[in-house]
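Scroll down for the structure; my scribbles are underneath it.
Residues: numbered from 1 along the sequence shown. Scope of the values below: all heavy atoms of this structure, side chains included, with no hydrogens, waters or symmetry mates.
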Amino acid sequence: VYKVTLPEQKEITLVYSFVGMLTKEVKVTNQKEVNVILEEDIENLEEVVVTGFSNIRSSSFTGNSVTVKKDDLLKVSKTNVIKAIQAFDPSFRIKENNRWGSDPNAIPEVYIRGESGIASTKQLDRDPLSKSNLVDNPNLPTFIMDGFEISVTKLYDYDPNRIESITILKDAAATALYGSRAANGVIVIETVAPQPGKLRVSYDFMGELTVPDISGYNLMNASEKLEAERLAGFFDSEAPVTYQSLQQEYTEKRNNIMAGVNTDWISLPLRNPFNHKHSLFVEGGSNNFRFGITMRYDVQSGVMKESGRTRIGSSFMLDYRVKNLQLRNEVNYDVTKGTNSPYGDFSEYTRRLPYVSYKDIEGNYVNDLKWHINDTRLNPYYEAKLMKNFSHNNYSSLTDNLGVNWYIMDGFQMKAQFSITKTNEWSSVFVDPESATFKSSTEDLSVQKGTLDKSDSETINWNFKAFANYVKT
(Lines give C-alpha, C1' and ligand atoms only; values in the text may rest on other atoms or scores of the structure.)
Protein backbone atom coordinates (compact mmCIF):
# COMPACT_ATOMS: atom_id res chain seq x y z
CA VAL A 1 0.00 0.00 0.00
CA TYR A 2 1.33 3.44 -0.94
CA LYS A 3 0.08 7.01 -1.08
CA VAL A 4 1.12 9.64 -3.63
CA THR A 5 0.18 13.31 -3.66
CA LEU A 6 -0.24 14.55 -7.23
CA PRO A 7 -0.39 18.10 -8.53
CA GLU A 8 -3.64 19.38 -9.98
CA GLN A 9 -3.60 18.87 -13.72
CA LYS A 10 -5.81 17.12 -16.25
CA GLU A 11 -3.62 14.14 -17.03
CA ILE A 12 -0.64 12.67 -15.19
CA THR A 13 1.41 9.61 -16.20
CA LEU A 14 2.91 7.48 -13.43
CA VAL A 15 5.88 5.31 -14.34
CA TYR A 16 6.33 2.10 -12.33
CA SER A 17 9.63 0.23 -12.52
CA PHE A 18 11.40 -2.48 -10.58
CA VAL A 19 14.52 -4.56 -11.03
CA GLY A 20 13.77 -7.58 -13.21
CA MET A 21 10.34 -6.25 -14.21
CA LEU A 22 8.98 -4.52 -17.29
CA THR A 23 8.44 -0.80 -16.87
CA LYS A 24 4.77 0.18 -16.96
CA GLU A 25 3.17 3.61 -17.55
CA VAL A 26 -0.28 4.37 -16.12
CA LYS A 27 -2.31 7.48 -16.99
CA VAL A 28 -4.14 8.98 -14.01
CA THR A 29 -7.19 11.25 -14.42
CA ASN A 30 -9.79 11.20 -11.65
CA GLN A 31 -8.93 7.81 -10.04
CA LYS A 32 -8.45 7.72 -6.32
CA GLU A 33 -6.94 4.23 -6.37
CA VAL A 34 -4.51 2.71 -8.87
CA ASN A 35 -3.59 -0.98 -8.81
CA VAL A 36 -0.55 -1.97 -10.88
CA ILE A 37 0.86 -5.45 -11.52
CA LEU A 38 4.29 -5.54 -13.12
CA GLU A 39 5.28 -8.33 -15.48
CA GLU A 40 8.63 -10.06 -15.31
CA ASP A 41 11.15 -8.94 -17.89
CA ILE A 42 11.92 -12.14 -19.80
CA GLU A 43 14.21 -11.42 -22.72
CA ASN A 44 14.27 -13.66 -25.72
CA LEU A 45 16.95 -16.27 -25.08
CA GLU A 46 17.89 -16.18 -28.74
CA GLU A 47 19.00 -12.57 -28.25
CA VAL A 48 20.77 -13.06 -24.91
CA VAL A 49 23.82 -15.11 -23.92
CA VAL A 50 23.74 -16.28 -20.30
CA THR A 51 27.34 -16.47 -19.03
CA GLY A 52 26.67 -17.14 -15.37
CA PHE A 53 27.95 -13.70 -14.45
CA SER A 54 25.54 -11.63 -16.52
CA ASN A 55 23.19 -11.76 -19.48
CA ILE A 56 24.81 -10.28 -22.59
CA ARG A 57 23.05 -9.54 -25.84
CA SER A 58 24.20 -11.89 -28.55
CA SER A 59 25.10 -8.95 -30.78
CA SER A 60 27.68 -7.84 -28.19
CA PHE A 61 29.02 -11.29 -27.26
CA THR A 62 32.10 -12.22 -29.29
CA GLY A 63 32.47 -15.80 -28.07
CA ASN A 64 31.09 -19.05 -29.47
CA SER A 65 27.98 -20.22 -27.62
CA VAL A 66 24.91 -22.40 -28.05
CA THR A 67 21.70 -21.77 -26.09
CA VAL A 68 18.96 -24.35 -25.55
CA LYS A 69 15.49 -23.45 -24.28
CA LYS A 70 13.45 -25.53 -21.87
CA ASP A 71 10.82 -26.53 -24.44
CA ASP A 72 13.46 -27.70 -26.91
CA LEU A 73 15.28 -29.59 -24.17
CA LEU A 74 12.17 -31.53 -23.15
CA LYS A 75 11.43 -32.48 -26.75
CA VAL A 76 14.65 -34.49 -26.82
CA SER A 77 14.63 -36.06 -23.36
CA LYS A 78 12.41 -35.63 -20.31
CA THR A 79 14.65 -37.69 -18.05
CA ASN A 80 18.32 -37.19 -19.00
CA VAL A 81 19.70 -33.64 -19.23
CA ILE A 82 23.16 -34.65 -20.45
CA LYS A 83 21.81 -36.82 -23.26
CA ALA A 84 19.53 -33.98 -24.38
CA ILE A 85 22.38 -31.44 -24.62
CA GLN A 86 24.25 -33.68 -27.05
CA ALA A 87 21.44 -33.29 -29.60
CA PHE A 88 21.92 -29.50 -29.87
CA ASP A 89 25.69 -29.14 -30.15
CA PRO A 90 27.86 -31.56 -32.14
CA SER A 91 30.94 -30.51 -30.14
CA PHE A 92 29.35 -31.76 -26.91
CA ARG A 93 29.87 -35.51 -26.87
CA ILE A 94 29.14 -38.37 -24.49
CA LYS A 95 31.88 -40.97 -24.45
CA GLU A 96 30.40 -44.37 -25.16
CA ASN A 97 31.31 -47.18 -22.78
CA ASN A 98 30.33 -50.62 -24.03
CA ARG A 99 31.24 -52.27 -20.75
CA TRP A 100 28.59 -50.47 -18.70
CA GLY A 101 26.11 -49.85 -21.50
CA SER A 102 22.83 -48.44 -20.17
CA ASP A 103 23.69 -48.96 -16.50
CA PRO A 104 21.79 -46.15 -14.69
CA ASN A 105 24.58 -45.91 -12.09
CA ALA A 106 27.31 -45.18 -14.63
CA ILE A 107 27.77 -41.40 -14.82
CA PRO A 108 28.69 -40.61 -18.43
CA GLU A 109 31.98 -39.02 -19.41
CA VAL A 110 31.39 -35.88 -21.48
CA TYR A 111 33.70 -33.51 -23.30
CA ILE A 112 33.52 -30.46 -25.56
CA ARG A 113 35.58 -30.25 -28.76
CA GLY A 114 37.51 -33.43 -28.15
CA GLU A 115 39.56 -34.78 -25.26
CA SER A 116 42.55 -32.92 -23.88
CA GLY A 117 43.72 -35.61 -21.42
CA ILE A 118 45.73 -38.71 -22.29
CA ALA A 119 43.47 -41.16 -20.47
CA SER A 120 39.98 -41.26 -19.07
CA THR A 121 39.37 -41.41 -15.37
CA LYS A 122 37.57 -44.72 -15.68
CA GLN A 123 40.70 -46.29 -17.16
CA LEU A 124 42.79 -44.96 -14.25
CA ASP A 125 40.34 -45.92 -11.50
CA ARG A 126 41.86 -48.31 -9.01
CA ASP A 127 38.38 -49.54 -8.17
CA PRO A 128 36.48 -50.57 -11.33
CA LEU A 129 33.19 -50.25 -9.42
CA SER A 130 33.65 -46.49 -8.91
CA LYS A 131 31.62 -45.64 -11.98
CA SER A 132 30.76 -42.16 -10.71
CA ASN A 133 34.29 -41.14 -9.79
CA LEU A 134 34.89 -38.26 -12.20
CA VAL A 135 36.71 -35.89 -9.85
CA ASP A 136 40.06 -36.08 -11.63
CA ASN A 137 38.76 -36.32 -15.19
CA PRO A 138 40.97 -33.97 -17.25
CA ASN A 139 38.38 -33.66 -20.05
CA LEU A 140 35.29 -32.71 -18.04
CA PRO A 141 33.77 -29.26 -18.72
CA THR A 142 32.75 -26.93 -15.89
CA PHE A 143 29.05 -26.89 -14.93
CA ILE A 144 27.51 -23.69 -13.52
CA MET A 145 23.94 -23.67 -12.20
CA ASP A 146 22.44 -20.31 -11.22
CA GLY A 147 25.94 -18.90 -10.75
CA PHE A 148 27.25 -21.78 -8.62
CA GLU A 149 29.50 -24.61 -9.77
CA ILE A 150 28.00 -28.10 -9.57
CA SER A 151 29.23 -31.63 -10.31
CA VAL A 152 28.32 -33.64 -13.37
CA THR A 153 26.61 -36.12 -11.02
CA LYS A 154 24.16 -33.47 -9.85
CA LEU A 155 23.36 -32.49 -13.43
CA TYR A 156 22.91 -36.18 -14.34
CA ASP A 157 20.37 -36.55 -11.51
CA TYR A 158 18.66 -33.18 -12.09
CA ASP A 159 15.05 -32.86 -13.21
CA PRO A 160 14.89 -31.36 -16.77
CA ASN A 161 11.53 -29.73 -15.93
CA ARG A 162 13.30 -27.39 -13.51
CA ILE A 163 15.69 -26.03 -16.17
CA GLU A 164 14.87 -22.77 -17.94
CA SER A 165 17.83 -22.67 -20.33
CA ILE A 166 21.28 -24.13 -20.96
CA THR A 167 24.14 -22.19 -22.57
CA ILE A 168 27.31 -23.88 -23.81
CA LEU A 169 30.44 -21.66 -23.82
CA LYS A 170 33.30 -23.33 -25.63
CA ASP A 171 36.13 -20.99 -26.59
CA ALA A 172 38.47 -18.32 -25.22
CA ALA A 173 35.52 -16.24 -24.04
CA ALA A 174 34.72 -18.93 -21.46
CA THR A 175 38.33 -18.92 -20.24
CA ALA A 176 38.24 -15.14 -19.90
CA LEU A 177 35.21 -15.43 -17.62
CA TYR A 178 36.05 -18.51 -15.56
CA GLY A 179 39.82 -18.85 -15.86
CA SER A 180 41.74 -22.09 -16.32
CA ARG A 181 38.86 -24.25 -15.06
CA ALA A 182 37.01 -23.34 -18.27
CA ALA A 183 39.71 -24.83 -20.50
CA ASN A 184 37.33 -27.67 -21.41
CA GLY A 185 34.31 -25.41 -21.87
CA VAL A 186 31.51 -24.26 -19.59
CA ILE A 187 27.89 -25.42 -19.36
CA VAL A 188 25.73 -22.67 -17.82
CA ILE A 189 22.33 -23.80 -16.49
CA GLU A 190 19.57 -21.39 -15.49
CA THR A 191 16.74 -22.93 -13.45
CA VAL A 192 13.09 -21.92 -13.41
CA ALA A 193 12.55 -19.02 -10.99
CA PRO A 194 9.41 -18.75 -8.83
CA GLN A 195 6.75 -16.45 -10.24
CA PRO A 196 4.98 -13.82 -8.09
CA GLY A 197 1.26 -13.91 -7.55
CA LYS A 198 -1.16 -16.42 -6.12
CA LEU A 199 0.06 -19.69 -4.66
CA ARG A 200 0.58 -22.20 -7.48
CA VAL A 201 1.16 -25.92 -7.24
CA SER A 202 2.57 -27.86 -10.22
CA TYR A 203 2.92 -31.62 -10.48
CA ASP A 204 4.80 -33.40 -13.25
CA PHE A 205 4.80 -37.13 -13.90
CA MET A 206 6.88 -38.86 -16.52
CA GLY A 207 6.88 -42.57 -17.21
CA GLU A 208 8.70 -44.62 -19.80
CA LEU A 209 9.08 -48.26 -20.67
CA THR A 210 12.67 -49.25 -21.41
CA VAL A 211 13.17 -52.17 -23.78
CA PRO A 212 16.71 -53.45 -24.45
CA ASP A 213 17.59 -53.71 -28.12
CA ILE A 214 19.44 -57.00 -28.69
CA SER A 215 18.65 -57.22 -32.39
CA GLY A 216 22.35 -56.64 -33.13
CA TYR A 217 23.20 -59.97 -31.49
CA ASN A 218 22.44 -62.25 -34.42
CA LEU A 219 23.45 -65.44 -32.62
CA MET A 220 22.79 -69.00 -33.77
CA ASN A 221 20.16 -71.14 -32.10
CA ALA A 222 21.08 -74.56 -30.70
CA SER A 223 20.65 -76.52 -33.95
CA GLU A 224 22.53 -73.96 -36.06
CA LYS A 225 25.40 -73.78 -33.57
CA LEU A 226 25.87 -77.55 -33.41
CA GLU A 227 25.68 -77.93 -37.20
CA ALA A 228 28.24 -75.14 -37.70
CA GLU A 229 30.61 -76.91 -35.32
CA ARG A 230 30.14 -80.21 -37.14
CA LEU A 231 30.80 -78.69 -40.57
CA ALA A 232 33.91 -76.95 -39.18
CA GLY A 233 35.32 -80.34 -38.12
CA PHE A 234 35.05 -79.59 -34.44
CA PHE A 235 34.16 -83.20 -33.63
CA ASP A 236 36.76 -84.83 -35.94
CA SER A 237 40.15 -86.18 -34.90
CA GLU A 238 42.75 -88.55 -36.35
CA ALA A 239 43.34 -90.12 -32.94
CA PRO A 240 40.79 -92.92 -32.41
CA VAL A 241 40.36 -92.35 -28.68
CA THR A 242 39.88 -88.59 -29.10
CA TYR A 243 37.53 -89.14 -32.05
CA GLN A 244 35.36 -91.45 -29.94
CA SER A 245 35.16 -88.85 -27.14
CA LEU A 246 34.26 -86.09 -29.60
CA GLN A 247 31.53 -88.16 -31.21
CA GLN A 248 30.12 -88.96 -27.79
CA GLU A 249 30.09 -85.25 -26.99
CA TYR A 250 28.32 -84.50 -30.29
CA THR A 251 25.68 -87.13 -29.50
CA GLU A 252 25.04 -85.67 -26.04
CA LYS A 253 24.60 -82.17 -27.45
CA ARG A 254 22.29 -83.42 -30.21
CA ASN A 255 20.22 -85.28 -27.62
CA ASN A 256 19.90 -82.04 -25.66
CA ILE A 257 18.56 -80.29 -28.74
CA MET A 258 16.12 -83.12 -29.47
CA ALA A 259 14.94 -82.85 -25.86
CA GLY A 260 14.04 -79.20 -26.50
CA VAL A 261 17.09 -77.40 -25.13
CA ASN A 262 17.57 -74.08 -26.92
CA THR A 263 18.72 -71.63 -24.26
CA ASP A 264 18.41 -67.95 -25.09
CA TRP A 265 21.24 -66.90 -22.80
CA ILE A 266 21.26 -63.18 -23.63
CA SER A 267 17.64 -62.76 -22.52
CA LEU A 268 18.18 -64.29 -19.06
CA PRO A 269 19.68 -61.23 -17.26
CA LEU A 270 17.49 -58.67 -19.04
CA ARG A 271 14.11 -57.11 -18.28
CA ASN A 272 11.77 -54.39 -19.55
CA PRO A 273 11.56 -51.91 -16.66
CA PHE A 274 9.03 -49.13 -16.26
CA ASN A 275 10.76 -45.97 -15.04
CA HIS A 276 8.88 -43.09 -13.49
CA LYS A 277 9.68 -39.60 -12.23
CA HIS A 278 7.58 -37.33 -10.01
CA SER A 279 8.10 -33.63 -9.39
CA LEU A 280 6.09 -31.25 -7.18
CA PHE A 281 6.70 -27.48 -7.29
CA VAL A 282 5.01 -24.92 -5.04
CA GLU A 283 5.61 -21.22 -5.80
CA GLY A 284 4.19 -17.86 -4.89
CA GLY A 285 4.86 -14.51 -3.27
CA SER A 286 4.92 -10.89 -4.39
CA ASN A 287 7.20 -8.79 -6.55
CA ASN A 288 9.41 -8.11 -3.53
CA PHE A 289 9.35 -11.56 -1.98
CA ARG A 290 9.08 -14.92 -3.74
CA PHE A 291 9.49 -18.49 -2.66
CA GLY A 292 9.65 -21.88 -4.30
CA ILE A 293 9.51 -25.38 -2.84
CA THR A 294 10.46 -28.42 -4.90
CA MET A 295 10.06 -32.10 -4.08
CA ARG A 296 11.14 -34.86 -6.45
CA TYR A 297 11.17 -38.64 -6.60
CA ASP A 298 12.79 -40.53 -9.46
CA VAL A 299 13.11 -44.28 -10.04
CA GLN A 300 15.36 -45.39 -12.89
CA SER A 301 15.68 -49.15 -13.27
CA GLY A 302 18.30 -50.64 -15.55
CA VAL A 303 17.65 -53.28 -18.19
CA MET A 304 19.91 -55.65 -16.26
CA LYS A 305 17.82 -57.30 -13.56
CA GLU A 306 17.98 -55.77 -10.06
CA SER A 307 19.99 -52.74 -11.18
CA GLY A 308 18.64 -49.27 -10.59
CA ARG A 309 19.06 -45.75 -9.30
CA THR A 310 16.59 -44.01 -6.97
CA ARG A 311 16.71 -40.27 -6.39
CA ILE A 312 14.87 -38.36 -3.68
CA GLY A 313 15.31 -34.64 -3.22
CA SER A 314 13.84 -31.39 -2.04
CA SER A 315 14.78 -27.71 -2.23
CA PHE A 316 13.59 -24.43 -0.76
CA MET A 317 14.30 -21.09 -2.42
CA LEU A 318 13.73 -17.52 -1.21
CA ASP A 319 14.09 -14.43 -3.40
CA TYR A 320 13.86 -11.05 -1.68
CA ARG A 321 14.12 -7.76 -3.57
CA VAL A 322 14.13 -4.26 -2.14
CA LYS A 323 14.97 -1.23 -4.25
CA ASN A 324 18.22 -2.08 -6.09
CA LEU A 325 19.15 -5.02 -3.87
CA GLN A 326 18.33 -8.68 -4.48
CA LEU A 327 18.93 -11.46 -1.95
CA ARG A 328 18.51 -15.08 -3.04
CA ASN A 329 19.02 -18.18 -0.91
CA GLU A 330 18.43 -21.78 -1.96
CA VAL A 331 18.83 -24.93 0.14
CA ASN A 332 18.97 -28.34 -1.58
CA TYR A 333 18.97 -31.80 -0.08
CA ASP A 334 19.35 -34.87 -2.29
CA VAL A 335 19.73 -38.58 -1.63
CA THR A 336 20.68 -41.06 -4.37
CA LYS A 337 20.74 -44.82 -3.91
CA GLY A 338 22.28 -47.00 -6.61
CA THR A 339 22.12 -50.79 -6.88
CA ASN A 340 24.36 -52.70 -9.26
CA SER A 341 23.07 -55.84 -10.91
CA PRO A 342 24.24 -59.14 -9.34
CA TYR A 343 23.88 -60.80 -12.75
CA GLY A 344 27.42 -59.85 -13.73
CA ASP A 345 28.63 -58.74 -17.14
CA PHE A 346 26.24 -59.13 -20.05
CA SER A 347 29.15 -60.31 -22.22
CA GLU A 348 29.37 -63.53 -20.16
CA TYR A 349 25.90 -64.53 -21.34
CA THR A 350 26.77 -63.97 -25.00
CA ARG A 351 29.56 -66.55 -24.71
CA ARG A 352 27.41 -69.38 -23.40
CA LEU A 353 26.27 -72.24 -25.67
CA PRO A 354 22.58 -72.46 -26.64
CA TYR A 355 22.44 -76.28 -26.53
CA VAL A 356 23.43 -76.25 -22.84
CA SER A 357 20.71 -75.64 -20.24
CA TYR A 358 21.22 -73.58 -17.09
CA LYS A 359 19.06 -76.09 -15.16
CA ASP A 360 19.23 -79.84 -14.73
CA ILE A 361 16.35 -82.26 -15.43
CA GLU A 362 15.03 -81.70 -11.89
CA GLY A 363 14.84 -77.94 -12.36
CA ASN A 364 17.84 -77.06 -10.19
CA TYR A 365 20.32 -74.44 -11.30
CA VAL A 366 23.60 -75.87 -12.59
CA ASN A 367 26.85 -74.31 -11.40
CA ASP A 368 29.21 -75.85 -13.99
CA LEU A 369 28.21 -76.01 -17.65
CA LYS A 370 29.62 -78.72 -19.91
CA TRP A 371 31.81 -77.07 -22.52
CA HIS A 372 34.14 -79.39 -24.42
CA ILE A 373 35.15 -82.96 -23.46
CA ASN A 374 36.25 -82.56 -19.82
CA ASP A 375 36.20 -78.76 -19.82
CA THR A 376 33.47 -76.74 -18.06
CA ARG A 377 32.38 -73.11 -17.74
CA LEU A 378 30.70 -71.34 -14.85
CA ASN A 379 26.99 -70.63 -15.12
CA PRO A 380 26.59 -66.86 -14.54
CA TYR A 381 22.88 -67.32 -13.89
CA TYR A 382 23.65 -69.70 -11.00
CA GLU A 383 25.72 -67.01 -9.28
CA ALA A 384 22.97 -64.43 -9.63
CA LYS A 385 20.10 -66.67 -8.53
CA LEU A 386 21.57 -68.59 -5.59
CA MET A 387 24.29 -66.34 -4.19
CA LYS A 388 23.50 -63.38 -1.96
CA ASN A 389 25.93 -60.99 -3.61
CA PHE A 390 25.09 -57.29 -3.60
CA SER A 391 26.66 -53.96 -4.49
CA HIS A 392 25.23 -50.62 -3.36
CA ASN A 393 26.51 -47.10 -3.97
CA ASN A 394 24.80 -44.18 -2.21
CA TYR A 395 25.36 -40.51 -1.63
CA SER A 396 23.61 -37.55 -0.07
CA SER A 397 24.30 -33.84 -0.40
CA LEU A 398 23.13 -30.77 1.50
CA THR A 399 23.82 -27.48 -0.27
CA ASP A 400 23.15 -23.87 0.72
CA ASN A 401 23.64 -21.25 -2.00
CA LEU A 402 23.43 -17.59 -0.97
CA GLY A 403 23.66 -14.80 -3.53
CA VAL A 404 23.44 -11.02 -3.24
CA ASN A 405 22.99 -8.77 -6.29
CA TRP A 406 23.31 -5.00 -6.07
CA TYR A 407 22.13 -3.16 -9.18
CA ILE A 408 23.96 0.11 -8.70
CA MET A 409 22.97 1.68 -11.98
CA ASP A 410 21.91 0.71 -15.49
CA GLY A 411 24.39 -1.89 -16.73
CA PHE A 412 26.49 -1.86 -13.55
CA GLN A 413 26.03 -4.40 -10.80
CA MET A 414 27.95 -6.07 -8.00
CA LYS A 415 27.55 -9.68 -6.96
CA ALA A 416 28.55 -11.74 -3.96
CA GLN A 417 28.03 -15.50 -3.72
CA PHE A 418 28.63 -17.98 -0.94
CA SER A 419 28.10 -21.71 -1.28
CA ILE A 420 28.63 -24.56 1.17
CA THR A 421 28.03 -28.24 0.40
CA LYS A 422 28.20 -31.26 2.65
CA THR A 423 28.44 -34.58 0.81
CA ASN A 424 28.27 -38.08 2.28
CA GLU A 425 29.09 -41.14 0.23
CA TRP A 426 28.78 -44.73 1.39
CA SER A 427 28.97 -48.03 -0.42
CA SER A 428 28.98 -51.73 0.33
CA VAL A 429 29.98 -54.71 -1.82
CA PHE A 430 29.34 -58.26 -0.59
CA VAL A 431 30.51 -61.50 -2.20
CA ASP A 432 28.90 -64.68 -0.90
CA PRO A 433 31.26 -67.29 0.62
CA GLU A 434 29.84 -69.88 -1.80
CA SER A 435 30.57 -67.68 -4.80
CA ALA A 436 32.60 -69.01 -7.68
CA THR A 437 35.06 -66.23 -6.90
CA PHE A 438 36.52 -68.49 -4.22
CA LYS A 439 36.34 -71.70 -6.24
CA SER A 440 40.12 -71.86 -6.62
CA SER A 441 40.65 -71.28 -2.89
CA THR A 442 41.86 -74.11 -0.70
CA GLU A 443 39.24 -76.24 0.99
CA ASP A 444 40.96 -75.68 4.34
CA LEU A 445 38.17 -74.67 6.73
CA SER A 446 40.55 -72.32 8.52
CA VAL A 447 40.64 -70.11 5.42
CA GLN A 448 37.83 -67.58 5.53
CA LYS A 449 35.77 -67.02 2.42
CA GLY A 450 33.40 -64.27 1.47
CA THR A 451 34.14 -60.56 1.46
CA LEU A 452 32.34 -57.40 2.53
CA ASP A 453 33.90 -54.11 1.45
CA LYS A 454 32.41 -50.96 2.96
CA SER A 455 33.43 -47.37 2.50
CA ASP A 456 32.15 -44.15 4.02
CA SER A 457 33.31 -40.61 3.36
CA GLU A 458 32.23 -37.08 4.20
CA THR A 459 33.37 -33.89 2.53
CA ILE A 460 32.53 -30.24 3.09
CA ASN A 461 33.24 -27.73 0.33
CA TRP A 462 32.66 -24.01 0.50
CA ASN A 463 33.24 -21.23 -1.97
CA PHE A 464 32.96 -17.46 -1.82
CA LYS A 465 33.33 -14.97 -4.64
CA ALA A 466 32.50 -11.33 -5.22
CA PHE A 467 32.81 -9.32 -8.38
CA ALA A 468 31.55 -6.27 -10.23
CA ASN A 469 30.11 -6.36 -13.71
CA TYR A 470 29.48 -3.56 -16.18
CA VAL A 471 27.72 -4.19 -19.48
CA LYS A 472 26.64 -1.33 -21.73
CA THR A 473 25.24 -1.84 -25.21
Taking [X] for its side chain and [Y] for its backbone only, find out whether a donor-acceptor pair lies under 3.5 Å.
{"X": "Asp159", "Y": "Asn161", "value": "yes"}
{"X": "Thr263", "Y": "Trp265", "value": "no"}
{"X": "Asn405", "Y": "Gln413", "value": "no"}
{"X": "Arg162", "Y": "Val192", "value": "yes"}
{"X": "Gln195", "Y": "Ala193", "value": "yes"}
{"X": "Glu458", "Y": "Lys422", "value": "no"}
{"X": "Asn379", "Y": "Val366", "value": "yes"}

Which residues share a salt bridge (Lys or Arg N to Asp or Glu O under 4.0 Å) with [X], sequence neighbours left out:
{"X": "Arg328", "value": "Asp146, Glu330"}
{"X": "Lys277", "value": "Asp298"}
{"X": "Asp157", "value": "Arg309, Arg311"}

So, using side-chain hydrogen bond (donor to acceptor under 3.5 Å, both in side chains) as the criterion, who are the partners of Ser301 when residues are at least two apart? none
Pick one: which of Thr294, Val201, Ile293 meets side chain to side chain contact (heavy atoms under 4.5 Å, CB included) with Leu280?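 Testing each of Thr294, Val201, Ile293 against Leu280, the sole residue satisfying side chain to side chain contact (heavy atoms under 4.5 Å, CB included) is Val201.
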Suppose the criterion is ring pair (Phe, Tyr, Trp, His ring centres under 6.0 Å): which pairs have a residue in residues 317-340, not counting sequence neighbours? none
Any pair counted as salt bridge (Lys or Arg N to Asp or Glu O under 4.0 Å), so long as it reaches residues 198-218, sequence neighbours left out: Arg200-Glu283
Other residues, nucleotides and ligands only: do more than 12 of their heavy atoms fall within 6.0 Å of [atom1] on [X]?
{"X": "Tyr217", "atom1": "OH", "answer": "no"}
{"X": "Lys83", "atom1": "NZ", "answer": "no"}
{"X": "Glu348", "atom1": "CD", "answer": "yes"}

Ignoring hydrogens and geometry beyond distance, is a side-chain donor-acceptor pair present between Gln326 and Asp319 at under 3.5 Å?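 The answer is yes; a qualifying pair exists.
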Tell me, with the steps shown, if Ser307 and Arg271 meet side chain to side chain contact (heavy atoms under 4.5 Å, CB included). CA-CA 10 Å; Ser307 68; Arg271 62 179 176 179; 4.3 Å; yes
Validation row, ring centre Phe390 to ring centre Phe430 under 6.0 Å: yes
Do Phe291 and Phe316 have ring centres separated by under 6.0 Å?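 No: the rings miss the under 6.0 Å criterion.
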